[in-house]
Amino acid sequence: MKTYTYTEKKDTRSGFGAGLAELGRTNPNVVALCADLTPSLKMGEFIKENPDRFFQIGIAEANMMGIAAGLTIGGKIPFTGTFANFSTGRVYDQIRQSIAYSGKNVKICASHAGLTLGEDGATHQILEDIGLMKMLPGMVVINPCDYNQTKAATIAIADYEGPVYLRFGRPSVPIFTPADQTFEIGKAIKLTEGTDVTIVATGHLVWEALEASKVLFEKGISAEVINIHTIKPLDETAILESVSKTGCIVTAEEHNVLGGLGESVARVLALNNPTPQEFVGTNDTFGESGTPAQLMDKYELNSAAIVLKAENVIKRK
Amino acid sequence: MLNTQQLKDLTTQVRRDILRMVHKVNSGHPGGSLGCTEFLVTLYNNIMDRKEGFDMDGIGEDLFFLSNGHISPVFYSVLARVGYFPVEELSTFRLIDSRLQGHPTTHEELPGVRIASGSLGQGMSVALGAAQAKKMNGDSHLVYSLHGDGELQEGQNWEAIMYASAKKVDNLISTIDLNGQQIDGSTDDVLPMGSIKAKFEAFGWIVIDIEEGNNIDAILKGMAEAKSKTGQGKPVCVLLKTVMGNGVDFMMYTHEWHGKAPNDEQLAIGLAQNPETLGDY
């Protein structure tokens, strides 16, 4: 079995900051907007190097989304930055009308997604954002897994014409994808080959899925781990090919099971190849205060939960 | 550029378009549309510097954003009458498969429309972004926007109003249609907003009053003054005092015709008050 190791941990938001800084040097049309959270979004380098291409909006996310839509009229490629909660739920109608329905080339970049925001608690821990964004016609939804992939995704979405939701997080997580990767929107990445169970994971749960696959291997279970960094458009072919071999699947995400990656996968399977599926995600609940690790354990968003669900789903074959 | 008589003739024809459009589908918003007819006719013909044809980026020309998208009938009629699309297409307003949706949208790629609007309070933010893009592009042209007075009850406007002066967006002229009416009654009854002029001034805007917002000469004079105030480090607000339903006597001075279409008899009366000038679509 292919195994993955890491020598360094970093937050995915820093990957966004590094990607944005690189875009600042390579693409003169890229502009950035922020609603008073530039240190949290790691936007400092871009701002320092491109002060004339940065718009400090103040604490006014609705206005930020509208201004971003307007900046596209004149050829700019705006990247908005704030927490995931304030990037989606707070401004859903602004995104819906002024960006998605209007077909504007805005990149909505959302940090501190999910439970791993930690101590600030449920007011800030959005677990519904993937659902909100994937329901918008034409919106691309991306949730990369580590620093390198987030950096690559940030760079890649500038070349894609249309609205994109890019979701990343606050905690330091292992860096296990290549620094020199090319990010392909909508193209799943098979991380391990397996025959007994497919595990598709997104964001922070991808590393947990790899950890789970090691435990499963020791138990004699061969798991195929797929990194679904793009939830919409979903790489249906990769999922169907894998389950045709394994016959069962576990989905894993730092998001409500209602409306998330798991439901998107279930739809593909229901239409093409009904397959036993188990879901790792929050179960229709809000989060709470705590350290990221405590929260991921309490809400069962970890490798142990994935192992358990994998064993369960294999029994249902 | 049209002379005053030509502008008046066009205004009358646009009124006919509005009445016929909403009558045909028995839906739409004639009241606010009729109140802003002189303004939009004058803006598009004599105030804005526009290029031939339509491209979304609009570099090298003035731009307009309609924030109160429900007055789509007047917007569509003016866009068609100045040549963005064939006037015959006005007959498809609100019909299935039409580019003329109930509220304006870019989704159907109707030339002249740069943003979807209808959910209120979003247009000024978009206009601000477009104005800032113009500055970045070294484009000295202006951005215009239109908003209802009731629409100012939406909080996003005040985020935008605060931002515009803070960031010295002085290539923007935002016009507020002060007709004093909204769906549930007069703005003073629904949610009194006090002095809108004092509020804009307190937020650092230059405010120009057009007391007779249905008088073409007053609009020309007021908008020329507004233009002369751009480029001075402050955004410019025009307070356009209009009569809702203007030009159709039974629709005037009331909120009743905000979102109601005339019946056959009422249409005939309205059309008789606005004789055909440039040919119906």
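In what follows, chains are A, B, ... by sequence order, proteins preceding strands, each numbered from 1. Note that the structure is predicted; figures quoted are calculated from it, not measured.
- When the shell of 6.0 Å around CZ of Arg94(B) is examined, it contains more than 12 heavy atoms from other residues, nucleotides or ligands.
- A donor-acceptor pair under 3.5 Å is absent between the side-chain atoms of Ser102(A) and the main chain of Thr106(B), judged by distance alone.
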Determine, step by step, whether Asp52(A) and Met136(B) satisfy the side-chain contact (heavy atoms from CB on, under 4.5 Å) criterion, reporting the C-alpha distance in whole Å, the side-chain angles of both residues, the deciding distance to 0.1 Å, and the verdict.
-> CA-CA 8 Å; Asp52(A) 296 338; Met136(B) 292 183 83; 5.8 Å; no
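- Remark: Ser125(B) OG to Ile57(A) CD1 distance equals 9.0 Å, nearest 0.5 Å.
- Closest heavy-atom contact between Gln97(A) and Ser117(B): NE2-CA, 3.4 Å.
- In this structure, Arg267(A) places its CZ atom where only 12 or fewer heavy-atom neighbours from other residues, nucleotides or ligands lie under 6.0 Å away.
- Options Ala69(A), Gly70(A), Ala60(A) differ in how many heavy-atom pairs under 4.5 Å they form with chain B, and the most are formed by Gly70(A).
- The CG atom of Asp93(A) sits 3.5 Å away from atom OG of Ser119(B), with the distance rounded to the nearest 0.5 Å.
- Looking at Glu159(B) and Ile59(A), their side chains never come closer than 4.5 Å, going by heavy atoms from C-beta outward.
- Residue contact with chain A, scored on non-hydrogen atoms closer than 4.5 Å, is absent for Glu154(B).
- When atom types are taken as modelled, the side chain of Asn63(A) and the backbone of Gln156(B) share no donor-acceptor pair closer than 3.5 angstrom.
- In terms of heavy-atom proximity, Gly74(A) sits nearest to Asp57(B) at N-OD1, 3.1 Å.
- Among Asn137(B), Val113(B), Asn157(B), the residue making the largest number of heavy-atom pairs under 4.5 Å with chain A is Asn137(B).
- Chosen from Gly75(A), Gly58(A), Gly138(A), the residue pairing most often with chain B at heavy-atom distances under 4.5 Å is Gly75(A).
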Take Lys104(A) and Ile115(B) through the test side-chain contact (heavy atoms from CB on, under 4.5 Å) and record every step on the way to the result.
-> CA-CA 9 Å; Lys104(A) 298 304 183 197; Ile115(B) 196 78; 3.6 Å; yes
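- More than 12 non-hydrogen atoms from other residues, nucleotides or ligands lie less than 6.0 angstrom from CZ of Arg81(B).
- Few gaps surround NZ on Lys51(B); more than 12 heavy atoms of other groups in view lie less than 6.0 Å from it.
- Both the backbone and the side chain of Ala160(B) come within less than 4.5 Å of a heavy atom of chain A.
- Pairing each heavy atom of Arg114(B) with each of Ile73(A), the nearest pair is O-CD1, 3.6 Å.
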Derivation and outcome, side-chain contact (heavy atoms from CB on, under 4.5 Å), residues Gln56(A) and Lys167(B) = CA-CA 9 Å; Gln56(A) 174 58 267; Lys167(B) 303 290 177 173; 3.9 Å; yes
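- Taking CE from Met124(B) and CD1 from Ile67(A), the interatomic distance works out to 11.0 Å, rounded to the nearest 0.5 Å.
- Both the backbone and the side chain of Arg53(A) come within contact range of chain B, each with at least one heavy atom under 4.5 Å from a heavy atom of that chain.
- When the shell of 6.0 Å around CD of Glu109(B) is examined, it contains 12 or fewer heavy atoms from other residues, nucleotides or ligands.
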